[in-house]
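One-based numbering, in listed order, for ligands and for the atoms of each.
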Amino acid sequence: MNQLPTADTPAVYERVRAYTENRKQRVFIMTFGCQQNEADSEKLLGMALEMGYSQTDDPAEASLILVNTCAIREHAEQKALSKIGSFKKHKKEHPDCILGVVGCMTAQAHRTEQLKRCYPYVDFTLTPSRIHLLPSAVLAVLEGGRRYFLPDSGDPLECPDVRELPVVHKESFRAWVSIMYGCNNFCSYCIVPYVRLRERSRSAHEIENEVRTLVENGCHDITLLGQNVNSYHGDCRFPELLERLDRIEGDFLLRFMTSHPKDADPDLIRVMREGKHIAPHLHLPLQSGSDRILAKMNRHYDLNRYMDTVTRFRADLPDAALTTDIIVGFPGETEEDFEATLAVLKRVEYDMVYAFLYSPRKGTPAAEMQEQIDEKVKHERFDRLLALQDEISAKKAKAYEKCTLRVLADGQKAGSANTLTGRTDTNKLVHFKGDASLIGSFINVRIDRAEAFVLYGTIV
Ligand code: SAH
Ligand code: SF4
Ligand code: F3S
């Protein structure tokens, strides 16, 4: 059943095309998880189109279904498993349809075992570092009629090559661009280094070419992606990469995420201040306001160091947005530790906080720690944190009232055809009346009313 990779050579694509040619074969891709997965799905789509599939939004008419999974928290895995289960009926009615499960969940040996044993209608799995083998996996099923599970190498030091893959962006006006893959930080709670393996950076030259091509094709909003963009080490460091991309001519905004506080340096803030195209927004995950917990998390910074960066950022870019991630209920978190986190929220006044209930991940050090926090306590702290941040976000949003802001219109509000949605340069969500033909362009919107998470405005 196990099959070592052949190669994603043109010959493999060719052999798959022998099956798809003139047969109206369609691919449906469902994506869970973070922007890295969104970006990977755009590559999966790129490869599928090269194999002769066309895209569909309806799984019922698909002959290739790909579920791109996330493993960051238990809830994410359960959602993906339940989605996979929902395709059982379709597979029974359409035995020729190929169901592949890809992404972070499949890089854990115990999940691959589970998929093999309990989900017999799953035809193959591919880990995030091996998505380039999609054609080989599809071919193994098509030609050999066998299931394809790459053995987990089990090597936490594995550093796969960086490969350039065909990519099809979902939207023409907005795109993700991966600048690096993997993570070396091993925060004690986090599964990412185990499933996405060691950090590796794309060459600055390749990134520059991709961004230039996007801008030339009318893309206005480009997000550079990496688990820790500040440790980018292609042919230059991250601030220099940003400077190089900022010099590209055109009407576009450059966003980036995520910045690890241990590596975000003054140079980054200088480049953000001087850049023409760089979004005035920094996502700087704090995780906890307690030095004791930060040490147990293996984050390699303390609150003083974190606050130095915040102070410099605020001094240099006073109108920019600052957002963060917080984990509530990390093992051993006392009421006092939790209050230290609340105190930082009050002191920094983030524009937005993404809070998560700590979820033990098999194989990570934190999952083995004593003093796991009771679920009830976790939820109670979580609710207190959200209530505090709602107040702060509402207050921060108020400052936008009466201002006229540049907004990139990005869609229609669900259930309201004449209301458009858009994002400010600081990544705030805006609702305003407008025609769908405006989607994909920058427009100036005056903000009439501000709520914590939505600004309501009028086109000027
Ligand atoms: N590389 C990014 C984050 C990737 S994961 C960074 O270092 O900031 C996104 C967020 O998920 C993390 O910032 C963290 O807040 C949260 N997270 C990661 N592992 C988690 C876990 N086991 N339980 C709960 N939240 C977790
Ligand atoms: Fe996970 Fe830490 Fe790496 Fe972020 S930096 S992906 S939280 S290990
Ligand atoms: Fe999830 Fe993998 Fe992203 S675990 S958060 S999809 S890196």
Side-chain angles (χ1 to χ4, degrees), residues 30-41 44 67-80 101-108 111 126-129 131 156 176 178-200 223-232 256-264 282-289 293-294 296-301 306 323-331 333 341 350 352-369 372-373 375 378-379 381-382 385:
M30 162 113 221
T31 310
F32 293 94
C34 66
Q35 290 90 343
Q36 312 260 347
N37 259 17
E38 296 285 346
D40 285 354
S41 285
L44 292 165
V67 183
N68 195 359
T69 60
C70 170
I72 200 77
R73 285 169 287 275
E74 182 66 23
H75 180 63
E77 294 199 295
Q78 292 311 327
K79 268 197 332 208
V101 180
V102 300
C104 294
M105 193 176 84
T106 70
Q108 306 169 98
R111 289 295 185 202
L126 280 179
T127 66
S129 314
I131 56 169
W176 317 111
S178 303
I179 63 166
M180 58 202 294
Y181 305 99
C183 181
N184 287 352
N185 292 310
F186 290 95
C187 300
S188 63
Y189 49 82
C190 186
I191 196 71
V192 173
Y194 305 88
V195 295
R196 293 215 164 232
L197 308 180
R198 297 295 56 74
E199 198 175 278
R200 54 239 184 245
T223 305
L224 309 175
L225 293 178
Q227 292 300 346
N228 175 4
V229 291
N230 302 106
S231 65
Y232 172 80
F256 56 92
M257 67 188 313
T258 297
S259 287
H260 194 304
K262 80 178 166 63
D263 298 313
L282 184 62
H283 183 61
L284 198 63
L286 170 69
Q287 313 298 2
S288 168
I293 297 292
L294 286 173
K296 285 180 69 170
M297 287 177 163
N298 195 31
R299 288 289 286 178
H300 293 283
Y301 55 84
Y306 183 92
T323 55
T324 202
D325 290 349
I326 300 286
I327 295 179
V328 176
F330 184 83
E333 183 188 73
T341 302
Y350 294 101
M352 180 89 104
V353 171
Y354 301 88
F356 307 101
L357 292 164
Y358 168 69
S359 168
R361 304 286 65 215
K362 193 176 160 80
T364 62
E368 304 302 319
M369 287 178 189
Q372 297 287 327
I373 304 294
E375 287 301 314
K378 274 190 207 170
H379 278 93
R381 289 182 185 162
F382 188 77
L385 186 140

Does any donor atom in the side chain of Ser259 or Asn230 lie under 3.5 Å from an acceptor atom in the other side chain? yes
Please state which option from Ile72, Leu225, Ile191, Asn37 has its nearest heavy atom closest to atom 6 (S) of ligand 3. Asn37
Please enumerate all residues that pass ring-ring contact (aromatic ring centres under 6.0 Å, His included) together with Phe356, with sequence neighbours excluded. none
ring-ring contact (aromatic ring centres under 6.0 Å, His included) partners for Tyr358, two or more places apart: Phe330
contact_flag Gln227 ligand 3 heavy-atom lt 4.0 Å: yes
Interfacing atoms of ligand 2 (cut-off 4.0 Å, heavy-atom, Arg299): 2 (Fe), 7 (S)
Could you list the atoms of ligand 2 found under 4.0 angstrom from a heavy atom of His260? 5 (S)
Near atom 1 (Fe) of ligand 2, protein N/O/S count under 2.8 Å comes to 1
Salt bridge flag under 4.0 Å for residues Arg361 and Glu74: yes
Mark yes or no for whether [X], through its side chain, and [Y], through its backbone, hold a donor-acceptor pair below 3.5 Å.
X      : Y      : answer
Arg381 : Leu357 : no
Asn184 : Glu199 : yes
Asn185 : Arg299 : no

Under a 4.0 Å heavy-atom cut-off, what residues line ligand 1? Ile72, Arg73, Tyr189, Gln227, Thr258, Pro285, Gln287, Arg299, Asp325, Ile327, Phe356, Leu357, Tyr358, Ser359, Arg361
Please list the nearest protein heavy atom to atom 4 (S) of ligand 3 with its residue and the distance rounded to 0.1 Å. Ala71 N, 3.3 Å
To the nearest 0.1 Å, how far is atom 2 (Fe) of ligand 3 from its closest protein heavy atom, and which atom is that? Cys104 SG, 2.2 Å
Should you measure from each heavy atom of Arg196, which atoms of ligand 3 turn up under 4.0 Å away? 2 (Fe), 7 (S)
How about His283 and Tyr354: are their ring centroids closer than 6.0 Å? yes
